[in-house]
Participant: 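Take this structure first; my questions come after.
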2 protein chains.
Amino acid sequence: MTATDRRSTRRAPAAAHRPRLPAVAVDPVPERPAGGTTWQSLERLGGTVTGVHGRDWRPRYLQLAEELRVKITSGELAPGTLMPSETELADTSGLSRTSVRNAIRQLREWGLVRAEQGRGTYVRAPRQRVRRRNAERYQWEKDRVLLDEEERVKTGATEHDTGLTVDDLKFHAEFTRVKADADMAAALQVEPGAPLLRRVYWTSSRHENAPLTMSYSYLPYDLVAANPDLLDASKEPWPGGSQHQLYTVGVELDRIDEEVRARPPSPDEAELLDIDPGVSVLTVRKTSIDTTGRVVEVADVVMPGDRTELVYSHKLQRWKT
Amino acid sequence: MTATDRRSTRRAPAAAHRPRLPAVAVDPVPERPAGGTTWQSLERLGGTVTGVHGRDWRPRYLQLAEELRVKITSGELAPGTLMPSETELADTSGLSRTSVRNAIRQLREWGLVRAEQGRGTYVRAPRQRVRRRNAERYQWEKDRVLLDEEERVKTGATEHDTGLTVDDLKFHAEFTRVKADADMAAALQVEPGAPLLRRVYWTSSRHENAPLTMSYSYLPYDLVAANPDLLDASKEPWPGGSQHQLYTVGVELDRIDEEVRARPPSPDEAELLDIDPGVSVLTVRKTSIDTTGRVVEVADVVMPGDRTELVYSHKLQRWKT
DNA sequence: GAGTGGTCTAGACCACTGT
DNA sequence: CAGTGGTCTAGACCACTCC
């Protein structure tokens with residue numbers, strides 16, 4: 001069988017290319033993609049399928065991706081399951097391995113599976129949404145500062161967010177002294193080249209799907225140098241958190257600003273946070289301002305976009321009647 | 001020249017596969033990916049390159065992607081420029097078209113280029129960050145409610161966010177009466193099946209890179225039916241915004257909760273928001289609670305993840321000294 | 001009709017993981 | 001060692017856009 005023969009036999013059952021438009025015509029107003037806590041929000045990611053007697057005009061790799069998505073979200077392929085190998089899927093689906101790989105790339109971008117070289121492709125567990133209640137968390141942290149150390153040690157900020165105990169988490173910290181680049185100089189309102197303390201943290205967990213986070217924090221070096229303990233990474237995690245650290249050098253916070261963005265992960269971040277490149281990270285740039293109006297810390301927090309949920313609450317003032 | 005011949009000649013200059021590890025060994029602590037306002041934040045997306053005399057072990061399609069990224073971020077390939085065609089890139093780079101397409105897929109996921117079938121691939125303009133200052137916006141909106149209509153008409157909420165005037169924006173609204181599904185029933189604290197007013201909005205602009213947004217809003221039908229004007233999509237945009245609409249049926253808001261998430265776009269959303277599938281959207285689920293504790297509106301707002309920046313500010317209470 | 005990006009194939013070599 | 005996913009090639013047909 002020549003290559004040309006094979007292609008023409010395929011054309012009968014296939015019809016791989018759609019004449020465009022049904023997606024919009026059938027469904028002019030996009031459905032609301034529910035922001036659920038499990039696989040729910042992936043319902044409509046595959047695109048619009050044509051009506052009852054209509055043909056499925058989507059490319060075949062997307063059809064395969066959709067088939068597999070249904071098997072996963074329905075539970076037929078349970079979390080942790082080893083998927084059929086690409087070669088096997090190619091055989092059973094009648095597609096080439098390239099097309100099978102295209103389908104699997106979709107599943108990976110949807111966060112449904114993870115591929116491991118040499119081992120196979122595994123079904124991920126549904127995303128366990130982690131709420132980061134930032135607004136109330138900062139006040140809670142501030143209130144704790146003036147408590148006894150014994151009291152502060154008991155639980156830290158990460159546990160407050162996640163409900164996990166200290167034993168579940170591995171904690172990494174690394175401190176360096178750096179010079180402010182243009183970006184940081186502007187953010188911290190210091191001269192470019194000014195000495196900064198750079199702190200890189202990350203938390204990890206043995207639990208599947210546990211929340212992971214990494215953050216890059218910058219403080220004016222002179223500010224923290226007043227307490228040598230603050231320069232020592234081995235003293236982390238500090239009992240009482242960031243705000244208590246600043247308290248030891250005479251700083252009281254007045255305001256915390258946060259800028260939330262989404263962007264693709266760097267390769268390093270993808271590995272550490274256990275996400276596919278292609279799945280976005282959520283980033284929060286946290287700027288802490290003290291009661292004298294100084295910027296005392298700028299921190300970039302990076303979180304896996306498919307597992308994180310940030311919660312903010314805005315209280316409004318009453319009307320004067 | 002047979003296929004095998006060709007491959008062996010390629011092996012001399014190529015060495016496409018890396019012996020693993022340098023990325024981690026050379027750079028154990030990930031760099032802080034700057035959250036800049038232009039192309040800046042894409043600096044390290046290509047991964048770690050080996051040292052001065054070292055080889056570049058990354059796959060060749062990533063090397064090509066990196067070369068093109070540099071040309072774009074440096075301005076050599078200006079925004080709006082038509083990129084060389086895939087065939088041309090394949091010829092000049094010595095790679096196959098498949099590999100070239102892999103490289104271009106990277107550029108698309110980074111939001112650097114947009115491909116248009118039949119036309120070509122164009123360099124996108126740098127993302128113009130749009131700040132949505134949600135916290136202060138809601139209070140601003142509430143304060144406006146009691147002003148004269150003439151005053152309220154002048155500017156709406158979208159203009160407040162973006163600085164664009166009304167003329168720059170096209171506004172779409174579509175209202176329907178629906179029954180609450182399980183998700184919405186829970187969010188609105190009503191019985192499943194209860195009648196809801198569903199409002200779908202989107203704003204668009206003729207300007208390149210203008211901010212786009214779409215939102216799905218749900219309110220208890222009985223609540224809004226008290227003012228028939230609120231059921232009429234042609235009355236949108238309402239002068240004075242959501243909070244003034246609710247004011248006409250006797251509702252004063254007390255609190256607005258927001259849940260921020262990132263997820264891949266549906267095909268519809270990708271088209272409307274002008275992003276590549278592969279670029280995440282930022283979503284905000286906005287829950288409005290009135291002064292009697294009722295949930296009066298739940299809205300899901302969807303924004304392009306590569307162009308949106310959400311800003312929150314948290315004021316802290318002073319310590320009692 | 002020529003050129004573009006989107007889909008698809010058949011087949012190859014590689015690094016990596018298990019046994 | 002066999003099997004897996006990651007990379008790569010050469011070549012094909014398609015729908016689409018523009019002239």
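Proteins get letters first, then strands, A, B, ... in listed order; numbering begins at 1 in each.
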Participant: Can you measure Tyr122(B) atom OH to dC16(D) atom P for me and round it to whole angstrom units?
Facilitator: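 For the pair Tyr122(B) OH and dC16(D) P, the rounded distance is 17 Å.
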Participant: Starting at CZ of Arg97(B) and ending at P of dT7(C), how long is that distance when rounded to a whole Å?
Facilitator: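 For the pair Arg97(B) CZ and dT7(C) P, the rounded distance is 11 Å.
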Participant: On DNA chain D, compare the nucleotides closest to Glu116(A) and Tyr61(B); which residue's is nearer the 5' end?
Facilitator: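 That would be Glu116(A).
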Participant: For dG6(C) and Arg108(B) - does any side-chain N or O of the residue sit under 4.0 Å from the phosphate oxygens OP1/OP2?
Facilitator: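 For dG6(C), OP1/OP2 do have a side-chain N/O of Arg108(B) under 4.0 Å.
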Participant: Ser96(A): what forms a side chain to side chain contact (heavy atoms under 4.5 Å, CB included) with it, not counting sequence neighbours?
Facilitator: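 By the side chain to side chain contact (heavy atoms under 4.5 Å, CB included) rule, Ser96(A) matches Thr98(A), Ser99(A).
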Participant: Using a cut-off of under 3.5 Å, enumerate the N/O to N/O pairs linking the protein to nucleotides 17-19 of chain D.
Facilitator:
unit_1	atom_1	unit_2	atom_2	d
dT17(D)	O4'	Gly118(B)	O	3.4
dC18(D)	OP1	Arg119(B)	NH1	2.1

Participant: Whole-Å distance between dT4(C) P and Leu89(B) CG?
Facilitator: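 After rounding, the reported distance stands at 11 Å.
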Participant: When the distance from CZ of Arg114(B) to C1' of dG5(C) is rounded to whole Å, what number comes out?
Facilitator: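 Going from Arg114(B) (CZ) to dG5(C) (C1'), I get 13 Å.
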Participant: By the 4.0 Å heavy-atom rule, please label Arg105(A) as base, sugar-phosphate, or nothing.
Facilitator: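 Since no nucleic acid heavy atom lies under 4.0 Å of Arg105(A), the category is nothing.
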Participant: Provide, to the nearest angstrom, the distance between the CZ atom belonging to Arg101(B) and the P atom belonging to dT7(C).
Facilitator: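 Distance check: Arg101(B) CZ to dT7(C) P gives 7 Å.
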Participant: Can you tell me how far P of dT7(C) sits from CD of Gln106(A), to the nearest Å?
Facilitator: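 That distance rounds to 10 Å.
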Participant: Taking the side chain of Pro59(B) as heavy atoms from C-beta outward, which of dT9(C), dT7(C), dT7(D) is closest to it?
Facilitator: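 Taking heavy atoms from C-beta onward, the closest nucleotide is dT7(D).
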Participant: Please state how far atom CD in Glu86(A) lies from atom C1' in dG11(C), giving the value in whole angstrom units.
Facilitator: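 Nearest whole value for this atom pair: 15 Å.
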Participant: Side chain to side chain donor-acceptor pair (under 3.5 Å) with Thr308(B): which residues, sequence neighbours excluded?
Facilitator: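 Not a single residue meets the side chain to side chain donor-acceptor pair (under 3.5 Å) criterion with Thr308(B).
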Participant: Output yes when at least one side-chain N/O atom of Ser85(A) is less than 4.0 Å from OP1 or OP2 of dT4(D), else no.
Facilitator: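 True: Ser85(A) side-chain N/O within range (under 4.0 Å) of dT4(D) OP1/OP2.
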Participant: Only counting residues at least two apart or in another chain, list the ones meeting side chain to side chain contact (heavy atoms under 4.5 Å, CB included) with Glu76(B).
Facilitator: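 Counting only residues at least two positions away or on another chain, Glu76(B) forms a side chain to side chain contact (heavy atoms under 4.5 Å, CB included) with Lys71(B), Ser74(B).
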Participant: Please report the shortest heavy-atom distance between Pro265(A) and Pro277(A), naming the atom on each side.
Facilitator: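 Heavy atoms only, the tightest pair is CG-CA, 4.1 Å.
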Participant: From C-beta outward on Ala115(A), which listed nucleotide comes closest to its side chain: dC8(C), dG5(D), dG5(C)?
Facilitator: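 Per side-chain heavy atoms of Ala115(A), the pick is dG5(D).
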Participant: Check the phosphate of dT4(D) against Thr121(A), side-chain N and O only, distance under 4.0 Å to OP1 or OP2. Yes or no?
Facilitator: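 The answer is no; no side-chain N or O of Thr121(A) sits under 4.0 Å from OP1 or OP2.
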Participant: Report the residues that fulfil side chain to side chain contact (heavy atoms under 4.5 Å, CB included) with Arg101(B), sequence neighbours left out, ordered by chain and then residue number.
Facilitator: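 By the side chain to side chain contact (heavy atoms under 4.5 Å, CB included) rule, Arg101(B) matches Glu86(B), Arg97(B).
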Participant: Output yes when at least one side-chain N/O atom of Ser99(B) is less than 4.0 Å from OP1 or OP2 of dT9(D), else no.
Facilitator: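 For Ser99(B), the contact criterion (side-chain N or O under 4.0 Å from OP1 or OP2 of dT9(D)) is met.
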Participant: If the condition is side chain to side chain contact (heavy atoms under 4.5 Å, CB included), which residues does Glu67(B) pass it with, not counting sequence neighbours?
Facilitator: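 Testing Glu67(B) for side chain to side chain contact (heavy atoms under 4.5 Å, CB included), a comparison that skips the adjacent residues, returns Leu64(B).
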Participant: Output the distance between atom OH (Tyr122(A)) and atom CZ (Arg114(A)), rounded to the nearest 0.5 Å.
Facilitator: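 Nearest 0.5 Å value for the OH-CZ distance: 10.0 Å.
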Participant: CD1 of Ile104(A) versus P of dG6(D): gap in Å, rounded?
Facilitator: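 Rounding to the nearest Å, CD1 of Ile104(A) and P of dG6(D) are 8 Å apart.
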Participant: Using a heavy-atom cut-off of under 4.0 Å over every strand shown, decide if Thr98(A) touches base, sugar-phosphate, or nothing.
Facilitator: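 Base contact - Thr98(A) has a heavy atom under 4.0 Å of at least one base atom.
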